[in-house]
Engineer: 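Sharing a structure here in structure tokens format.
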2 protein chains.
Amino acid sequence: MSKLIKPTDSELEILNILWAKGPSTVREVHEVLEQSKDAGYTTTLKLMQIMHEKKLLDRDTANKTHIYKAAVSQKQTQGQIIQRMIDAAFNGSTTQLVMQALGNHNASKEELEQIRQYLEKMEGKKDE
Amino acid sequence: MSKLIKPTDSELEILNILWAKGPSTVREVHEVLEQSKDAGYTTTLKLMQIMHEKKLLDRDTANKTHIYKAAVSQKQTQGQIIQRMIDAAFNGSTTQLVMQALGNHNASKEELEQIRQYLEKMEGKKDE
DNA sequence: AGTCTTCTACGAATTGTTTCGTAAACAAAC
DNA sequence: GTTTGTTTACGAAACAATTCGTAGAAGACT
């Protein structure tokens, strides 16, 4: 049984920062956040405290300035978000999602090639 | 400029029903909804009224029993949902999303083949 | 020690979503 | 025409997410 991870959009922004930077203080996270959105410091603090309550973040309170880090893996979180979206908006069809994503986005030749190779690797696995 | 479509999860459930069934009454939608969740009739009604205010649904009030239909296309809605998710959870990389989706889900050989063909068609287009 | 800054904690206001009770309009059935 | 059932409209309650002001603790600076 694996835990249900359902971050809100704001929470996901914070998780992204922590995944990229590793363990950080509220101030460090806030400084990154400030670049893209307009929010006060205590707003970021409160959000991260709530995320800690929800077990999305771990924190080290040994020092006055607490250190937070993601308590959920990027991969697992992405997996669950995708799955929910496939169920909610794509009638459960991964294929539909993938095609929509590719068709929508005007991927570069390099990207398409990368995906094609990945696909072949997977098809190969099926033959074993 | 195309309109921003941001349905909540509940709203998306209703959109899915209307996309599948076409124009329907509140009761018809509610009866489908009831199968998967537990909500009163007036809850469904209110949701659909709000969706009409938000221009997610059109309605025909010629008769006492109103007829609702989706005012946004499935394709456009799916496209926007995917794009938001790519930006919010996949660092803007469609490739990352596609690989995660494929890797996660254990797609069947047929599905993989279908996607591979789609890919080739796209790569072909790039050469024109 | 006293001042200044930084940080956490708390609580409240705001906003948005979801839920449903109740009433009024309307139609159908008796 | 009065009862019964279905529908819409309205309003309010319950809940969750977001925002931020304020207070107090902790440390740094002189």
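Just the heavy atoms: all of them, side chains too, but no hydrogens, waters or symmetry mates, feed the values below. A, B, ... follow the sequence lines: proteins, then strands. Residue 1 opens every chain.
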Engineer: Under 4.0 Å between any heavy atoms, over every strand shown, what does A:T43 touch: base, sugar-phosphate, or nothing? Just pick one.
Structural biologist: base
Engineer: Going by side chain to side chain contact (heavy atoms under 4.5 Å, CB included), name the residues that satisfy it together with A:K21, two or more places apart in sequence or in a different chain.
Structural biologist: A:I17, A:S24, A:E28, A:V32
Engineer: Measure the CG-CG distance between B:N16 and B:L12 for me, rounded to the nearest 0.5 Å.
Structural biologist: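 Between B:N16 CG and B:L12 CG, I get 5.0 Å after rounding to 0.5 Å.
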Engineer: Among residues two or more places apart or on two chains, list those pairs meeting ring-ring contact (aromatic ring centres under 6.0 Å, His included) that have a residue in residues 22-48 of chain B.
Structural biologist: B:H30-B:Y41
Engineer: Using the salt bridge (Lys or Arg N to Asp or Glu O under 4.0 Å) criterion, which residues pair with B:K55? Sequence neighbours excluded.
Structural biologist: none
Engineer: Would you mind building the protein contact string for nucleotides 4-12 of chain D? One character per nucleotide, 5' to 3', B for base within reach (heavy atoms under 4.0 Å), S for sugar-phosphate only, - for untouched.
Structural biologist: --BBBBBB-
Engineer: Any sub-3.5 Å donor-acceptor pair from B:D60's side-chain atoms to B:A62's backbone N or O?
Structural biologist: yes
Engineer: Within the 4.0 Å heavy-atom criterion, would you say A:K6 contacts the bases, only the backbone, or no part of the nucleic acid?
Structural biologist: nothing
Engineer: Expressed as a whole number of angstroms, how long is the span from A:E53:CD to C:dT8:C1'?
Structural biologist: 13 Å
Engineer: In whole Å, I'd like the distance from the CD1 atom of A:I14 to the P atom of D:dT18.
Structural biologist: 9 Å
Engineer: Starting from P on C:dT6, measure out to NE2 on A:H30 and report it in whole angstrom.
Structural biologist: 12 Å
Engineer: Reckon A:S10 has a side-chain N or O less than 4.0 Å from the OP1 or OP2 of D:dT18?
Structural biologist: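 Indeed, a polar side-chain atom of A:S10 lies that close.
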Engineer: Provide, to the nearest angstrom, the distance between the CG atom belonging to A:L33 and the C1' atom belonging to D:dC20.
Structural biologist: 15 Å
Engineer: Tabulate protein N/O versus nucleotide N/O from nucleotides 1-3 of chain C, keeping only pairs under 3.5 Å, one per line.
Structural biologist:
none

Engineer: What integer distance in Å separates A:E34:CD from D:dT19:P?
Structural biologist: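 Spelled out: CD on A:E34 to P on D:dT19 is 13 Å.
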Engineer: By the ring-ring contact (aromatic ring centres under 6.0 Å, His included) test, which pairs, at least two apart or in different chains, include something from residues 75-101 of chain B?
Structural biologist: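 Those involving residues 75-101 of chain B do not exist here.
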Engineer: Within the distance-only criterion (no hydrogens, no angle test), does the side chain of B:Q80 pair as donor or acceptor with the backbone N or O of B:K3 below 3.5 angstrom?
Structural biologist: yes
Engineer: Can you tell me how far the CD1 atom of B:I81 sits from the CG atom of A:L97, to the nearest 0.5 Å?
Structural biologist: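 That separation rounds to 10.5 Å.
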Engineer: Can you measure A:K54 atom NZ to D:dC15 atom P for me and round it to whole angstrom units?
Structural biologist: 16 Å
Engineer: For B:I50, report the nucleic acid contact type (base, sugar-phosphate, nothing); a contact means any heavy atom under 4.0 Å.
Structural biologist: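 B:I50: base contact, heavy atoms under 4.0 Å.
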Engineer: Once you round to the nearest 0.5 Å, how far does CZ of B:R59 lie from OG1 of B:T25?
Structural biologist: 13.5 Å
